[in-house]
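Following: one structure in structure tokens, then a few remarks.
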Amino acid sequence: MMFLKNALRFLALASLLALIAGCGGDTYDSYVYPDKLELDDPIALGQFPSLQACREASLAKLKELNAESAGDYVCGQNCHDHACQSAQK
């Protein structure tokens, strides 16, 4: 339960930082796949100001879902309407 509270706090802080960062540079959108064999319906976690923040939030979500080995994620750089300039892990 404590992990869930910490993960939610982290996500809230990361979201706030993303809002503060605004349009001043690259942004990264997190897409989490609870089942890496089923890539049709990702969980969109939102936009983050850095690749590192996106990675941390994505991994925290996979851990929350108990899908660390079964799931996957991608951080898309400068996404608009789900089309991203690049995608990284």
Task: Sequence-distant partners of Glu38, side chain to side chain contact (heavy atoms under 4.5 Å, CB included), two or more places apart - done: Asp35, Asp40
Open item on the list: For residues 80-89, which residue pairs pass the salt bridge (charged side-chain N to carboxylate O under 4.0 Å, His left out) check, not counting sequence neighbours?
Closed with: Asp72-Lys89
Task: Rounded distance (nearest 0.5 Å) linking atom CD of Glu56 with atom SG of Cys75 - done: 10.0 Å
Task: Closest heavy-atom pair and its distance - Phe48, Ser30 - done: CE1-CB, 3.7 Å
Task: Sequence-distant partners of Tyr31, ring-ring contact (aromatic ring centres under 6.0 Å, His included), two or more places apart - done: His82
Task: Under the side chain to side chain contact (heavy atoms under 4.5 Å, CB included) test, residues paired with Leu39 that sit two or more places apart - done: Tyr33
Task: Atom of Cys79, atom of Asp29 and distance for their closest heavy-atom approach - done: CB-OD2, 3.6 Å
- [ ] Enter the distance from Thr27:OG1 to Gln47:CD here, rounded to the nearest 0.5 Å.
- [x] 3.5 Å
Task: Rounded distance (nearest 0.5 Å) linking atom OG of Ser58 with atom CD1 of Ile43 - done: 10.5 Å
- [ ] For residues 44-53, pull every pair meeting salt bridge (charged side-chain N to carboxylate O under 4.0 Å, His left out), keeping only residues two or more places apart or in separate chains.
- [x] none
Task: Distance (rounded to the nearest 0.5 Å) between Leu45 CG and Cys54 SG - done: 7.5 Å
Open item on the list: Once rounded to the nearest 0.5 Å, what's the spacing between atom SG of Cys84 and atom CG of Asn78?
Closed with: 8.5 Å
Task: Partner residues of Gln88 under the side chain to side chain contact (heavy atoms under 4.5 Å, CB included) criterion, sequence neighbours left out - done: Tyr28, Leu51, Arg55, Gln77, Ser86
Task: Leu65 to Pro34 - nearest heavy-atom pair and separation - done: CD1-CG, 4.0 Å
